[in-house]
Amino acid sequence: MSTPVDDPLSRERSHLAASRSALRAMREDVEALDISDVTANWVNAEVLAHQIEERIKALADLSDTPLFFGRLDYLRAPGAEQAEGAEGERFYIGRRHVHDHDGDPMVIDWRAPVSQPFYRASKKDPMDIALRRRFGYTGGDLTAYEDEHLSDPAAVTLSGSAGEARTSKLLQQEIERPRVGPMRDIVATIQPEQDEIVRSGLSGTVCVQGGPGTGKTAVGLHRVAYLLYAHRERLARTGTLVIGPNRSFLHYIEQVLPALGELTVQQATVEDLVAHVEIKGTDDATAAVVKGDARMARVLRRALYSHVTMPTEPVVVVRGSRRWRVAAYELEDIVRELLDRDIRYGAAREALPQRIAHAVLVQMERSGEAPDDRVQDAVARNSSVKAAVKAVWPAVEPAKLVLRLLSDADFLAEHAAGILDEEEQKAVLWARPARSVKSAKWSAADAVLIDEATDLIQRTHSLGHVVLDEAQDLSPMQYRAVGRRCTTGSATVLGDLAQGTTPWATRSWQEALAHLGKADAMVEELTAGFRVPTDVITYASRLLPHIAPGLTPVVSIRENPGHFEVREVTGTADVVDACRAALRHEGSTGLIAADARIPELAAALTEAGIAYLGPGEETTRETRLTLVPASLAKGLEYDYVVLDEPRAVVDGEPDERTGLRRLYVALTRAVSGLVVTHAAGLPPQLASTPLR
């Protein structure tokens, strides 16, 4: 009988305690740094102090988050060529690097090359790994471990706190662990096909098509964390950005990267990116589709460059007693050369006075003078040159350009000829033209047009890497807006064609990537479902032939089939009872309903004394029910879902296909169980014999 000190679980707990102590020492070392005499000025001191503060935050030890979740023991093979791990070395794999006072690693960052076999080693390809150990935790306490002897495929052992061997369940337990609070990382459960995407290089753009529960959002976030690890200096200069569909979604995912030690990644919606004007109005579906069409970029370009006119008068520059004359035909040559270069409107306008000044300097040199750069700059600032530039290449404000296009039928017709037909032009014209930019009732689609016009005038700053989630709902013009933010960088595009719920939803990733400016991106498909139980995804997949024919259905790999029920009810009281029953289970509960039914259900919950939250509000152990309008359900997940009136969800959209896609989203938000309640009939696309 083994003594506690010889018990493997006790030894692992000791290593965990020692690792936490080492992490605390690392943090204390940083906190003790004295920078008072290190920097030359207060600016550098502020920058360094901020960096130290960020480092301290990154070294925080979250008591309920496992410091390490796995262990790799490399093979002992004397005389043989070894993998990156040295002969017989042992590595603990965790969310961040931890070393002892001598600098020896106690925990290896999951992103390090030596950690890769934890995710990819298999019995067929052990990658020089003798043993892979997974750890199970209850809260922050290490309570179990699982050993996989890759050199002996038949040997798999799981030991719990009592030291008893039993069937391997750790991976399933981690996947199926109840969800309370914001989204968590999946660093302990990344699968080989996910790991390939996560570790793909910075230079290439990756598009991930993934059905509900395949982990595409988590893969995108972990890819950012990996890229920041592998290319930290470069991305520190160029920046990274995560773009989500709405604020609720961003709030839900905002803790994933900090949990992995990454605190500098910005988050935004597309609306945030193009917030040049205040959004006060909305478009009908027809107008929004036309405004979101990529052809509008051509209309804007025509309208912008229509302001450039060919000179008809010479420019005369007076300097002292001399007069220098640049003929109209010379000015025209300069203007045409700038147009042919196809540079930004604003950049060309800034170059024009220098080109005119250069023409004057050529004349000065021919007359025997020796002007320098200061003379050229002075000529470029001459009032006659400024007047010529203003007349030939006037400054244009992006918002005023779009305002004129949407308000002036003749101006729009002139520049949309051959691009938009008459009906499309009528669709985008405002019924009541605005007098000014401030008084205009701009829509979200109008803001994207202004962003396009802004980029035509002045180049948009490019980031090093952008993650675009729920991309299937973007219009072509929105793709262009995102693409402008990563013209010299790369992107990770995440989405599911079956979940497109906008009138302009993406039809193919190839088309979308072309609008993004990343036509050569690699497209990967995830089909293994980790979140949605088998019975739930099977039921929801009945809609696929109607909403995305040809798309591969998700296959759940979960051992637990989950609870599933279709229940006919007589009113909201029965829906409230279904929520009450769901709340008896551990974890979060979401009541999802058509937007129009939210007020009635809210009143019923309040009357029943059941507290609830709105989307984006963080669930707690006391308040675990969230009331979710179907329009905001995308990207969210709950342990148990009560879906109210599927027919109302479908009918709440402008057309049946969009409604069925919205329903598909709502049906696939559950992690452990789904109850579908309905008083009206079910949509015929679901009218098969229920599973239960």
Side-chain angles (χ1 to χ4, degrees), residues 245-246 269-271 274 276-303 399 401-434 440-453 470-482 495 497-508 511-512 514-515 546-548 594-596 629-632 634 649-663 665:
N246 52 57
T269 64
V270 174
E271 287 72 19
V274 300
H276 303 285
V277 292
E278 183 181 356
I279 305 302
K280 300 177 182 178
T282 57
D283 289 314
D284 60 37
T286 302
V289 168
V290 178
K291 289 179 180 179
D293 194 297
R295 292 175 296 163
M296 287 300 298
R298 294 166 56 198
V299 176
L300 284 166
R301 185 176 185 82
R302 278 189 185 178
L401 176 68
V402 176
L403 177 69
R404 187 178 177 190
L405 270 177
L406 301 180
S407 302
D408 187 334
D410 292 336
F411 187 67
L412 176 62
E414 178 184 354
H415 302 296
I419 301 176
L420 304 180
D421 62 31
E422 290 185 8
E423 291 302 314
E424 289 172 323
Q425 292 177 36
K426 289 179 182 178
V428 300
L429 276 171
W430 288 340
R432 295 181 179 178
K441 291 187 176 181
W442 299 106
S443 69
D446 297 335
V448 178
L449 296 179
I450 295 172
D451 190 70
E452 179 82 29
E470 300 296 346
Q472 71 279 345
D473 277 331
L474 268 61
S475 70
M477 289 297 285
Q478 287 175 318
Y479 276 116
R480 290 175 61 89
V482 174
L497 296 178
Q499 296 187 58
T501 52
T502 55
W504 49 82
T506 302
R507 292 171 292 188
S508 77
E511 180 182 332
H515 292 310
H546 308 282
I547 61 176
D595 292 29
S631 63
L632 296 180
K634 193 171 297 179
V649 173
V650 176
D651 292 344
E653 300 298 326
D655 60 82
E656 184 179 67
R657 189 178 188 189
T658 303
L660 291 173
R661 287 184 168 187
R662 184 77 71 190
L663 178 58
V665 172

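Fair warning: this is a prediction, and the values are worked out from it, not measured in the lab.
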Please set out all donor-acceptor pairs under 3.5 angstrom arising from side-chain atoms of residues 401-417, sequence neighbours excluded.
{"from": "S407", "atom 1": "OG", "to": "L403", "atom 2": "O", "distance (Å)": "2.8"}
{"from": "D408", "atom 1": "OD1", "to": "D410", "atom 2": "N", "distance (Å)": "3.0"}
{"from": "D408", "atom 1": "OD1", "to": "F411", "atom 2": "N", "distance (Å)": "3.1"}

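Nearest heavy-atom pair across A427 and T286 is CB-CG2, 3.9 Å. Considering all non-hydrogen atoms of both residues, I419 and R298 come closest at CG1-NH2, 3.6 Å. Nearest heavy atom pair, residue D451 against residue A481, reads OD2-CB, 3.7 Å.
Atom CZ of R662 and atom CD1 of I547 lie 12.0 Å apart (nearest 0.5 Å). Taking CD of E271 as the start and CD of Q478 as the end, the distance is 6.5 Å to the nearest 0.5 Å. Atoms OG1 and CG, on T502 and L474 in that order, are 8.0 Å from each other to the nearest 0.5 Å.
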Pair T501-D473, side chain to side chain contact (heavy atoms under 4.5 Å, CB included): steps then yes or no:
CA-CA 6 Å; T501 52; D473 277 331; 3.4 Å; yes
Carefully, step by step, assess D293 and E424 under the rule side chain to side chain contact (heavy atoms under 4.5 Å, CB included).
CA-CA 11 Å; D293 194 297; E424 289 172 323; 5.7 Å; no
Go through it in stages, so that I can follow the logic: the residues are M296 and E452, the test is side chain to side chain contact (heavy atoms under 4.5 Å, CB included), and I'd like the CA-CA distance, side-chain angles, deciding distance and then a yes or no.
CA-CA 9 Å; M296 287 300 298; E452 179 82 29; over 6 Å; no
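Between H515 and Y479, the ring planes are parallel. Angles under 30° get that label, and only those over 60° would be called perpendicular.
Evaluated for a side-chain contact (heavy atoms from CB on, under 4.5 Å) with D446, the options H276, K291, K280 yield exactly one hit, K291.
Among residues two or more places apart in sequence or in another chain, the side-chain hydrogen bond (donor to acceptor under 3.5 Å, both in side chains) test is passed with E656 by none. Remark: H546 pairs with no residue by the ring-ring contact (aromatic ring centres under 6.0 Å, His included) rule, at least two apart or across chains.
A 6.0 Å sphere centred on NZ of K441 holds no more than 12 heavy atoms belonging to other residues, nucleotides or ligands. Environment of CZ in R507: sparse, with no more than 12 heavy atoms of neighbouring residues, nucleotides or ligands closer than 6.0 Å.
In this structure a side-chain-to-backbone donor-acceptor pair under 3.5 Å is present from D595 to S631.
Salt-bridge annotation for R661 and E653: absent, with no side-chain N of the basic residue lying under 4.0 Å from a carboxylate O of the acidic one. R657 has no carboxylate O lying under 4.0 Å from a charged side-chain N of D655, or vice versa, which leaves the two without a salt bridge.
A donor atom on one side chain and an acceptor atom on the other are found under 3.5 Å apart for E470 and Q472.
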